[in-house]
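Okay, structure first, notes after.
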Amino acid sequence: MMFIHFDGHFDGSSGRRVQASGIAKTGSANCANCANSLEVTLLVIFDCDGVLVDSEPLANASFSRALKAQGLDWSAEETIRRLMGLSLKSALEICEAEIGRKLPDDFLEKMQAVTYQSFRDAPLLPVAGVKEAVLALQAAGLATCVASSGSPEKMRFTLGLTGLWDLFDGRIFSASQVPRGKPFPDLFLHAAIAMDVQPFECTVVEDAVPGVQAARAAGMRALAYAGAPHAHREALQAAGGRLFDDMKQLPGLVLS
């Protein structure tokens with residue numbers, strides 16, 4: 001995989017390179033230490049669930065109830081522990097292996113209908129402080145995008161419901177667009193190519209271990225949001241994420 005080198009910075013809202021920065025950068029996508037050796041970030045890649053929208057407790061409560069109806073007695077906490085950060089396809093495969101049979105053809109459709117209604121009823125909210133953090137990064141000239149295990153339809157719904165869609169419109173990427181989801185690096189590399197940056201110029205904001213693993217496998221810096229009660233702090237750190245607990249800290253961490 002080849003990435004064309006350039007010097008410059010980006011318009012945070014459009015992702016376009018707007019002028020040369022005069023900063024000389026060297027490295028390659030295959031350099032395992034690039035994310036640690038270079039401090040320049042041109043693109044901030046956000047996960048969606050648990051990073052932009054506070055959806056994990058609601059979604060996993062719905063998933064847990066649906067699984068119990070199929071004979072798999074996992075609590076919402078257990079579904080978070082086992083499945084958080086994985087693509088829905090991978091999550092369903094794990095559940096089917098546990099149950100020992102295929103789930104009904106309409107399982108996903110019915111579960112998602114219940115989940116979306118719970119998002120409307122709660123209602124679903126942005127993660128505290130994240131909108132302000134995104135706007136601060138964009139104002140500083142950094143490009144931003146979303147790269148999530150969720151489907152494009154789900155992200156349109158959740159980001160639209162929480163008022164975040166317009167911050168990323170046209171720069172939203174899903175695991176459905178690549179051969180392999182997280183923890184493989186495919187999705188983050190796809191986002192970097194689409195945004196015209198090299199992997200070592202990217203900082204990924206994640207809250208799940210598979211996402212941190214994917215970012216590090218892609219040669220990207222990983223910031224691990226651990227402000228939620230269900231955060232797996234030790235596992236996030238062991239996977240290579242730099243922990244932070246408040247989205248107010250994010251601009252400073254990225255720009256430092």
Side-chain angles (χ1 to χ4, degrees), residues 1-48 51-52 85 133-134 136-149 155 167-225 236 239-242 244 250-256:
M1 182 175 297
M2 180 177 292
F3 290 83
I4 298 173
H5 171 76
F6 61 85
D7 294 329
H9 71 272
F10 288 81
D11 179 291
S13 61
S14 69
R16 293 181 293 105
R17 187 168 67 226
V18 294
Q19 71 179 62
S21 67
I23 300 172
K25 296 179 282 293
T26 61
S28 74
N30 293 323
C31 173
N33 295 317
C34 284
N36 292 326
S37 62
L38 297 176
E39 297 181 354
V40 175
T41 294
L42 299 181
L43 171 65
V44 183
I45 304 175
F46 289 86
D47 179 42
C48 185
V51 170
L52 294 174
V134 173
L137 291 168
Q138 292 177 348
L142 275 68
T144 58
C145 70
V146 180
S148 170
S149 295
M155 285 188 280
L167 289 180
F168 300 100
D169 191 7
R171 308 185 312 283
I172 297 174
F173 308 101
S174 167
S176 64
Q177 298 173 292
V178 296
R180 303 175 300 178
K182 305 170 188 178
F184 295 98
D186 304 29
L187 177 57
F188 290 140
L189 292 175
H190 172 74
I193 292 170
M195 297 295 291
D196 193 26
V197 299
Q198 299 190 47
F200 61 84
E201 295 168 323
C202 300
T203 292
V204 174
V205 186
E206 267 285 354
D207 70 323
V209 172
V212 172
Q213 292 171 329
R216 301 300 295 135
M220 300 177 181
R221 181 187 184 199
L223 297 178
Y225 175 63
L236 287 167
R242 178 176 178 182
F244 72 104
L250 181 60
L253 290 171
V254 172
L255 296 168
S256 63

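Keep in mind that the numbers below use all heavy atoms, side chains included, and drop hydrogens, waters and symmetry copies. Starting from 1, each residue takes its place in the sequence as its number.
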Looking only at heavy atoms, what is the nearest atom pair of L187 and A147, with distance? CD2-C, 3.7 Å
In Å and rounded to the nearest 0.5 Å, what is the CD to CG distance from Q213 to L236? 9.5 Å
Output for pair (L250 CG, T203 OG1), nearest 0.5 Å, gives 9.0 Å
Heavy-atom pair of closest approach, residues M155 and C48: CG-SG, 4.0 Å
Where at least one partner belongs to residues 167-186, residue pairs that pass ring-ring contact (aromatic ring centres under 6.0 Å, His included), sequence neighbours excluded: F46-F168, F173-H190
Nearest-0.5 Å distance that lies between atom CE in M195 and atom SG in C145: 5.0 Å
Applying ring pair (Phe, Tyr, Trp, His ring centres under 6.0 Å), name anything that partners F188, two or more places apart in sequence or on another chain. none
Closest approach of A215 and A222, non-hydrogen atoms and distance? CB-CB, 4.0 Å
Determine whether a donor-acceptor pair (N or O, by modelled atom type, separation under 3.5 Å) exists between the side chain of R171 and the backbone of T144. yes
Would you call R221 and V204 a side-chain contact if the rule is heavy atoms closer than 4.5 Å? no
CG (L52) and CG (L167) are apart, to the nearest 0.5 Å, by 8.5 Å
Quick one: pull up CG in L255 and OG1 in T41 and give me the separation to the nearest 0.5 Å. 8.0 Å
State which residues pass salt bridge (Lys or Arg N to Asp or Glu O under 4.0 Å) with D47; sequence neighbours excluded, sorted by chain then number. K182
Let me confirm one number: the CG-CG distance from L142 to L43, rounded to the nearest 0.5 Å. 8.0 Å
Could you report the tightest heavy-atom contact between V209 and A239, atom names first, then the distance? CG1-CB, 4.2 Å
Under the rule for side chain to side chain donor-acceptor pair (under 3.5 Å), what residues qualify as partners of S149, not counting sequence neighbours? none
With heavy-atom distances below 4.5 Å as the criterion, would you say the side chains of L42 and C202 are in contact? no
Only counting residues at least two apart or in another chain, list the ones meeting side chain to side chain donor-acceptor pair (under 3.5 Å) with R180. D186
Heavy atoms, side chains only, cut-off 4.5 Å: are I45 and M220 in contact? yes
Would you list the pairs meeting salt bridge (Lys or Arg N to Asp or Glu O under 4.0 Å) in which at least one residue belongs to residues 140-149, sequence neighbours left out? none
